[in-house]
Structures are given as structure tokens and as C-alpha cells.
Amino acid sequence: MRDYLNWAKDILISARGQGGEARDGSFLELKNVSVSFGRLTAVDQVNLVIRQGDIAAIIGPNGAGKTTMLKLISGLLPLSQGEIWFKQRRLDKISPHHIASLGVTQVFQDIQLFSNMSILENVMVGCHVWTDAGFLSTGLKLPHAKAEEKEIMERAMSKLSLVGLEQKALAPPANLSWSEQKISGLARALAAEPDLLLLDEPYGGLMTSEIEKLSQLLLKLQQGGITILMVEQRTDEALEIANQVIILDSGAKVADAAPSEIQSNEHLIATYLGGRITEGGKLHYAASE
Amino acid sequence: MDLSIVLQFFISGVNLGCIYAALGLGFFIIYSVTRVLNLAQGEFVMLGGMLTVTFYSMGVPILLSTLVAVVIAGLLGGVLYRGVIHPARNLSKATQTFLTVGFAFAIEGIALLIWGWEYRSLPNFLGTPNIHLGGATIIGQTPWVTGITLLVVTGLFFFFGHTIQGKALRACADNPLGAKTIGISVERMSLYAFILAGTLGGIAGAIITPLTMVSYSIGFPMTIKGLLAAFVGGITRAEGVILGGMVLGMAEAIAASLIPSGYHSIFALIILMAVFLCQPRGLLSSPGKT
Amino acid sequence: MPASRAVEQPGKNMKILKHTPVPILGQVKKTIELRRTKVEHLIMALVVVLFLTMPLFAGPYPLAIMMDIGFYAIVTMGLILLMGQAGQLSLGQAVFFGLGAYSSAILTTQHHLAPWLALMLAAIITGSIAAGIGRAVLRLRGIIVSGVTLVLNLIFFYLVLSLVDLTGGANGIINIPSLSPVGVIPDSLFDYYFLWIVAFLLLAFSLNLVNSRTGRALRTMNILAGGGEETAQVLGVNVMKYKVQVFTLSAVYASIAGSIYAHHIGCIEPEIFGAHLSLLVAIMAIVGGMASPWGAFLGAGLLTGLTELLGGVRVGSG
Amino acid sequence: MKRIAILLLVFIIAIGGTVSCASPSAEKSYKIGALTSQTGKYSGLGLQTLEGIQVIVEDINEKGGINGIPLELVPCDDKSSTTGVTLGAKKLIEVEKVDVILHGSTTALAQSTMPVADEGKTPAILLSGTALFDDQLGKWCFRPMGSEEDYVISFFQYLNEDLGITRVAALLENSGFGQGFEFFMPGIASKYNIEVVMTQHFDPTATDLTLQMTDIKNSNAQALVIWGSGPAGALAVKQARDMGINSPITASFAQGSPDMVKAFGAYYEMSPSLIVPASKTDIWQELPEDDSDKAMCQDFASLFLEKSDPPHPANFYNVLGAQMMLFVVDSLKRAQPDPTNVEKARSELRDALESTENLNLLTAVYTLSPEDHYGSVMQKIMLITFKDGGKILVPR
């Protein structure tokens, strides 16, 4: 049974992999994406390509539409216009859980651990995507469900140990520090075995030592083949590990380049990286269309 | 269709609508301040009616009987809060909601002991005569029901809009945490909400008794009707509840005049169902506050 | 600013994230096991055995109380899965109890099916209806769900009253055959065992469910107790599907209880569709505790048993 | 979880405990189980029935019991629910060891009594409004309570023969009560050459019937038949008069109950005054001197007035309750079973009940047989109307 599971998972993963090796090299592609809430345009005609294996960071002032971008990709918000393609599958027409099953997992800024479950159970929820036991087989404890449950438990513990939280497995989320909560949120997302990880401000609220640890972890994930798209206010940390930096302002893409290029552009540094964000937060109203 | 039927349908619809709105408003006040569904609301209605009948039969003038009954019902609202909800304030809202059911059972039991099972009635207020209008009839008490409901609604809007206590209640409803930080005692406001809801229930009971009769057991059906009005209109806004009551009343009236006899109640309920499915949060409701 | 430390050749090092056994795993498993201790299993086994041997020392009246508790417990157990696990407030369980009872009654009295078959068909019918209702109703959230289910409850009540040809109207249906095979053991004894074995089987089913992939998925959407639908969705949980499924499951529980009830009592009337039954079951779930399916037995036992022990005979004079 | 399991354990032991504690009383008496609705929807009906039963039991005991053996009344609440009926009946049979069960509530609940009585081999007397299931009473159940058919006949006979009416509108309650009436109505109406031009329904909890009334007013009906079991039926009478419907109205005995008369007496007396069926006891003063039942009804009326607490005249359900008890008393007198052997006593009582012959009671004369557990031979239904705050026989 176990063999069967592994075999099925291999097929699943290889199926994903094939999609990833697209001819044009695009892994995630946003084509002319816009979204507006009433008269407010939160994302304005953004084109974007993320390559497989990269760490991409979206930076920009408050209200630039960064978080909205992530929610568009993970399917939590509907597009007003444009297309999103992931491994040659169109994402903007399908529901969030379906997107998750294609290998895209998001970690929210406030993590949102399920407080009615232990940390381990939280991470086990992450394994939901690649398992399939339904009501009948779990309720009757059929061999398939039993094998799966064992696999889930092992996998979840393995993810927890990857992030170094295996000792806290049975603690309720409320007993964990903020950084531990963030890390367990990451472990939960990893349990879904994602190809693309969407992180919303992973460094938010962390102390210096914790930031370094997290950076190491993210790099390790990258080495393991996971593509990361993060949204970050703390530009220094983001630039340090990213291969690709996208600057977003008032919903529009301002720059999209390697960190070294961004760092050599004085205008960008002055406007977005030096903390002198004078126009940040100003809302952009679309002209009546 | 006959003009008299249309006219009668309108009169009945407004009348029923006012009754349901009056029943629903009590839910609105308590729910918006405390997020508890007071499933004992119908018992206040029953008490309002029963007490009015009792005092009236003792020879007290009708309006004075009504007044005393309403005051007692209001005080009982306070008792419900102090005795049941307040001690359980740390439990979940669902649990508190179901505690009100226990209170309702207790009130019903006590009412059975005091008054027995008999139905009682009241004459129309001040003996108002029936009005015949082109084949349709306005039953004497109906103008009172409509009028007093309107008066209560106006009073409520004035209370919420123009008095300190009313504004404080509204603040609690909108943002309990914020209200606390500016020094409003949420507990006190919850108490006021229950007293107000009890009073409203009492008024509703007193004004509908000449139309419907009253017995110890009418509380639960009244609760259900009021709950429906509140849900349909959107329990978070007073205007919503009134509209909900009207929709419910009109739906029943339409059903009674158009649908084959026997399927009236179903038809009215199916209209409600449609409203729910199209407007999940009720016809009128502030977003994000379900 | 330091240069990027990003690796140049992505995706070549899959080994890094490969699943490796964790030494602490065994210990964690043990701790989880400890939470369900042997003593506890023993007590549970004792409870089961006691329930099953009760007919040996108790007369029909206490057994009748136990029957009532059993019916309520099964319905409440479904509601605990729906309300306690998935966080959907339903005030319409009586609809499905009634559907089960009436389907069974109609299938056996008008179409002369065997009670066994009727019970199963009733569960399927009720489940299908519940799935349809769930799809429409569960798009809504929070307390509104309880409002809609309450309206549904009333609709079904009046529907049953009105469809006289099918349901017998207010008089209900009588002469519903018993589940018991004729003459083997007394009907009421058979019903008792049947009901309680079903109850315990459903309990086992529920307990398995709660501690599994499905149970966790349900808890992720419990916005009443620390769940979050968006989070659940980005983790791949098909929230709507699970809501509808658990709604259906709770309906099937109620339907099974309803069917057994109809075959046991032998006659049914529309009052079993009454909203007060839905309310009572919800109270039982809350009193018993919504975290565990065991709460259903506790809630049903406390409410039914105590009212019966305290009230009952000699209310009036005499 | 552990806590729950332990609580459950304690609970089971508690139930087991009550079983061993419950011992049948040793004293020699006939135990009468009165299973009525004391709480819930039908409590009005149940409590009135119980009152009637109590008065007779008290009276018999004061007169020295039946052949020296006193009656012991065991009231039990069925909570107006089918589960309550089943539990209550089992409790009465098993724990209280009663000799007979009198069930006083509504039709659907009476049905739930039947399988329990059969299984417990205990005779049960059912008070229920409908004759729809008379052929399914089984071996142990009796229903000597009359049928809606008799009321339908009395209404239509009166409307046709006395008033010469040919077109009638019916306003029936949406319940088992109304359903039974509707079942018999078409056949009987055509028998009396009456056309039912309109049949409307109302909910037992309805508060506004003006729309139904508008329809009825616009129809060409010459009279209105209202059949309801509770206040909605009385409200219907009030609203019909409010709406200016001035045709004759006949309504059910429930609309003639004292609380309804007290509330709506003024409307009832509006010309033409409301007509309702009643038992002879209700208006025994009005009975002609040559009526053979006059003495019996007068005796019962004064007995009830004396024993009831607070004293009040017997109403329809009081009479039915008392009649159930009198029916049992007659059989007990004939069978004289030994109260110490419950099982034998039950079976002997059952046989005696079944062989009741020409028993003249308050609402009918009864002759039962193994095939007929209903047995009403002649319904003594009187039509009454309201005048000057009192009830009078309908002038015919």
C-alpha cells in the first residue's frame, strides 16, 4: 500500500515536473492582470514571468497591491482582467483548492494557524493536497486511509523537523512564539509539497537572529527545487536572497530585474529602497473607463 | 382579481408585517449589542399579553394595564441578562443563545402554573370599531397595531440617533472593543439591550392580544416568527428587521390570497428561502457583520 | 549591500527536501496514544458492554428511555460533526430525522418494501436531498445558516401536513412494520440492540473520522473555533465539498435514527418535523460538548434521562 | 473524554438504580393510568380530560370503590409528543403496573399508544378525534369516543332540514382534526343535498383569517362551517363577523369551550348566533323532562361542579374524560378482577371491555364486540347556540 502511495505521488510529482519544463521556460506567468474593487484599481495591468527555481520578491510601498497579487495567484481573489498561467495551466478560472493541488501554496502574513488543532495536526492538514481518503474510507479506517494517515504523520513530522520544530509537535499554536508560529506555518505549507510557495511578508515581526535562520531555510527550500514568490516590506532582507525583484507601486509594475540591477538604479533606490517612500500609500484611482 | 381582495391583501399584509416587525426588533437589539440570539423573546410577548389581560380583568384601565405589563416584561429582560447571560458571559455565544432557551422553558412553565392553559383575549383598545372599506375590512385593533409599531420604531430611531444611551448602545453594536476603550461599559449596555428587548416584546404582546388571543404556550411560535423577520431583513439593522417583517407579512398575505388553501404557509416560507439564497445576509444589512 | 547568495542551478538538489524519518516520531506517536489511554479504552468498553447488557437487568421502561437516548444521540452525533467539527450551525436536523422516518414509513406501508431495505433507501433518499439542500444553503455563512435551516424545517413541516395522500397529513402514518424478523426475539428487545449497535458503530465511524484527514479538513473550516476558510482553501481543502459532504453525513445519521424510530414506534406524525426537535438536538450537542462525538451520548443522556427521571409520573394530583 | 465516559457510566447506573427501586405498591387497588398531555401543545385538551377522569375516580372511591376495592389514579404526562406517549405508556405498564391506560390527547398521539398497549398486554382506552383508524385498533385498544362523522351529520342535517340551505363554505383547520372532518364532509353533504362551494383551510396558529373570509364573503355560500380545535377557530368566528359575514355559522365543540365563550361571547351571540355541538351535560337544564338521559346528565353536572377545583361546569373534554372512566368502571364492576394479579386482571378487564353491551353513557350508548372496539350506537349530540351570556338548545 505504501509503495502504491509513493508510486502515485511520484506520478503526481513527475506530472507537475513535466509542466514545469515548458518550452518558453515560463513557470508562472501573469498576463496583463488587473483587478479592481469598485472604482479602486488594486492591480493595474501587470505582466510578470517567474522562472522555476527562483526566489522572486515583490516589494513596494503599502497599498501597492502586493498582497492582492498573491491572492490572485492562489485564487482567493478573482481577476477583473488578464490571465494567470502556471506550468501551462490557466489558474484564473479555477478554485483555490484546485490551484493548491497543482502545486501552489500560500502562507499568509498572519499565518492563521488553526487554533483548534495542535501544531502537528496543522502540518498534517498541509498534507491534504496529495492524499485522497474520503469520508467513507477514513470513517471505516480502510487500509488505504490507514496507510495514508501513517504517511501523513511521518511526512508532517519530517517537515516539522526540517524547520526545527519537532519538539513542539503536540503544542497548541497559542503556546508558540511568533517566530515559531511563522515557521510552523511554513512547515504546513511545505507539507503540501508545493512547487511554488507564495509567502506574504515572511520576515514581518521577526528579530535579527530569526531572520537569518529564515533566510537559510528559504535558500534551502530553493535548493530543494521550490520556487518562491514573496511579498516583503523589509527590502534589504528580500534583496539578499532573491534572484528576481519586482517593484510594485499603486498596483502597477515599476521595475522587474535582478537585485543587482535594482541596486544600481539610483532612482529606484531613492524611491523604494531608501525608506523615503514619499508617495507610498497614496491610492490610485483608475480613470473612468 | 377582485378589488376587495387586493385591498384586503394589502391591509392584512401590513398588519401581519407590523406584528412580525415588532417581534423581530427585540432580536435585533439584543443581537447587535451582545451577538446572542435571544430565543426567549417570544416569552416576553406572551408575558406582555398575559399580564395585560390579568390586570385588565382586575379592573385596571386598559392602557394602564398595558403600561404595567410592559414594564414588568422589560424588567424580566433585565433578569434574563443578570441571571442567565451575565453569569455565562465567558461561554461561547452559541451556548449563551441556548441558555435563553432554558429561560424560555422556565418562563413557560411558570406561566402554565400561574395562568393555566386557557386562552385569553382582550377587547380592542378603546373599543375601536371595524372600518369597512370597499369590500375590505380593517379590524378595529389593526390601526393600533400599525400605529404603535410605527411609534415604537420612531422612538427607537430617536433613541439610537439622539440620546447618549442610544448612541452608546450603537457603539457597542458596531465595535465592542472600541466602545470599551472609550469607557462605555459593554455589560451595562447589554443589560439595557435586554431590558429594551423585553419592553418591546411586552408591547408587541399587549397590542396583538386583542387580535390573536394569548396563552402560556404562544411564546415559541412568536419566537420563530420574529426570528424569521429578523433573519430575512438582516438582523444587524433595525430597518432591515422592519422590512423583513413586512416581507414576511406580505408573503403570507399573497399566499393566502393566491395559493391553493393548505399550501399558504409553505409558499410564504419559500419566499423567505428565496430571499435568503439571493441576499444571504438579509435584505438590508451592513456588510461584514453577520 | 551584499550580493545575492542565490544558487545558480535551481531544481537540481531535490534530495535536500526528501522525506527523511524523524527520530522523535515514535515518541510523538506514543504521546498521542497516551492521550487515549488504556484506562479510558477500558471505561469505554465497559460503557459499551453495559449498554448492551442492560436488557438483562432492566425492564422495558428504562429500555424505552434508553431508546429515546439512542435516537437523540445518533442525531446529535451527526450535528456534532456538522457543528462541532465543521462549524456549520444547523437548526434543521429534524428535517432529516423526519425524512428518514417518513421515507421508511412510506416505502414499507405503501410500497411494501422490507423494513431493512426501506431503512437503507431512506438514508440514500435523505442523503441525496440533503446534498442538494447543502449545496444551496452552505454557500451562506455563520448564523444565517441556522436561520435558513430553521426556515427549511418549517417548510418541511407544512409540506408533510399538506401532502395528505403521501404522508397522511396531520394524522401521520400508522402500522409501520417492525425491523425485527418475526418471532425470533421480542420486537422491542431487537430494536434496542439494533439501535444501540448502530449507535456504537456510528460512534466508531465518527471517532475515526474526527482523528483523520477528513476530520482535520472539517476543523479547518470551523470559523467558530479557530478555523479559517481561506487558509483551508490555499492548503487544498475543497471547503464547499466538505461542507456539503458533512451536511449530508449528518443528515444520513438523522435519517437512520428516524427510520429506526419509525419502525420501532410503528406510527409517525408531522410533529417529528417540528423545529423544537432541531432545537433540542442542538442543545444536546452543546450540553454534551461539541469537541467529541461522545458528547452526543452525554448530551442526549443528560437531557432525556434527567427530564424523564425528574418529571414523568405524578405531575398532577393523584 | 475520560470525564464523559465516567459520567455516562454513572448515568447508566443511576437508571439501573431507579429500576430496582420501583416496586409495585402492595396495597389492594385498581390502578388506572391516565396518560394525558399535561404540558406542550395539547395540554389544554389533556388537562381537561384528566379533570374529568379525576372527578369520577374520586366519586367512586367516596362511594367505597368497586366492590370494596378502591381506584388508584396514576396521572402521567405524555408531553404532547409521540416519544412521550411511548415512554409514558411503558412506564405505566411496567413500573406502575396499572390495570388500564386512559389516553387523553390527540389522534396522532393515540396511535402511538396502540403498539405499546398491544405489546404490554394492557387495555387502553383512547380519546381521539378521528374515526379514520378505527379498523386498526387491535386487540387491546378501545375508542368509544364518537366520530367526526356524527358531527358532520348533525351540522349538515341542521343546515339542510332546519334552514333549507343548499350552498355551504367550509373553513377547516390544517390538522388531523380538520382532516377527519374533511374526509367525511363530501359524502354527507351530498346526502343532504348541500353543495360545498368553497373549502378553505387555516393553520392552528393562524392569527389573521381575513383573506379567507374575503373569499368566503365573495362566494355565494349561504352558511359557513368552521372546524378547528383551538383559538384559531374562534378567531375565525370573530373575524367572519368583523368582516360582515351575516350568514349562519356552525363551529366545532372546541369553539364552544368556556374560555372561547368568555373571550368571544359577544361575537357568538351576534345574529344569527353561532351554533356548536355539545354534550347533553352541557345543557341538561334545557332537556325536556321526558329525556331519559336528563337525570344522568344532571347528576354528573352537579357532581362535577362539586368536585372540580376551582368549581366550574363540565365542558366537552371533561365529559369525554369522565366517560372514559365510566366506561372502565362498568367493566371493572362486571369482571371483578383480582387486583393483586395484574396480568390476569388486565386480560379479564379487556374481555369485559370488549363485551360491553348497551352501556348508556354521557355522549352515546355503547355496545362493543371483538370486531368493533368503537361501538357507538347512538350519538347524543346536541346543537346549542348562545344567548344572553348562556347556552341554549338550538330552536328547531
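The structure presented is a predicted model; accordingly, all values stated were derived computationally and were not measured.
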* Structure fact -> Of the listed A204(C), S206(C), S212(C), the one with the largest count of heavy-atom pairs under 4.5 Å with chain A is S212(C)
* Asked: Of the backbone (N, CA, C, O) and the side chain (C-beta and beyond), which part of M124(A) lies under 4.5 Å from a heavy atom of chain C, both, or neither?
  -> both
* **Interatomic spacing from CG in L77(A) to CD in E230(C) - rounded to 0.5 Å** => 7.5 Å
* Asked: Non-hydrogen atoms of chain C under 4.5 Å away: do they reach the side chain of I111(A), the backbone, both or neither?
  -> backbone
* Asked: Side chains of I99(A) and Q233(C): does their closest heavy-atom pair fall under 4.5 Å?
  -> no
* Structure fact -> Under 4.5 Å to a heavy atom of chain A? For L201(C) that would be neither
* For Q112(A), is it the side chain, the backbone, both or neither that has a heavy atom under 4.5 Å from a heavy atom of chain C? -> both
* Test side-chain contact (heavy atoms from CB on, under 4.5 Å) applied to H97(A) and V239(C), N238(C), V234(C), the passing residue -> N238(C)
* **Inter-residue atom distance D110(A).CG - T231(C).OG1, 0.5 Å rounding** => 7.5 Å
* Side chain from CB out, backbone as N, CA, C, O: work out which of these in L140(A) comes under 4.5 Å of a heavy atom of chain C, or both, or neither. => both
* Report yes if the side chains of L235(C) and V129(A) come closer than 4.5 Å at any heavy-atom pair, otherwise no. => no
* Among A133(A), S74(A), A169(A), which has the most heavy-atom pairs under 4.5 Å with chain C? -> A133(A)
* Toward chain C, the part of S260(A) with a non-hydrogen atom under 4.5 Å -> neither
* Structure fact -> So, the part of L113(A) with a heavy atom under 4.5 Å from chain C: the answer is backbone
* **Contact class of V210(C) relative to chain A, heavy atoms under 4.5 angstrom** => neither
* Using a cut-off of under 4.5 Å for heavy-atom pairs, which of K71(A), M117(A), E166(A) has the most such pairs with chain C? -> M117(A)
* Is it the backbone or the side chain of V107(A) that comes under 4.5 Å from a heavy atom of chain C, or both, or neither? -> neither
* **Shortest non-hydrogen separation from L209(C) to F135(A) and the atoms involved** => CD1-O, 3.5 Å
* **Spacing of CD belonging to E149(A) relative to CG belonging to N208(C), to within rounding of 0.5 Å** => 10.0 Å
* Asked: Under 3.5 Å, side chain of N116(A) to main-chain N/O of R219(C), donor-acceptor pair present?
  -> yes
* **Closest non-hydrogen atom pair between E121(A) and R216(C), with its separation** => O-CD, 3.7 Å
* Asked: Is the ring centre of H128(A) less than 6.0 Å from the ring centre of Y242(C)?
  -> yes
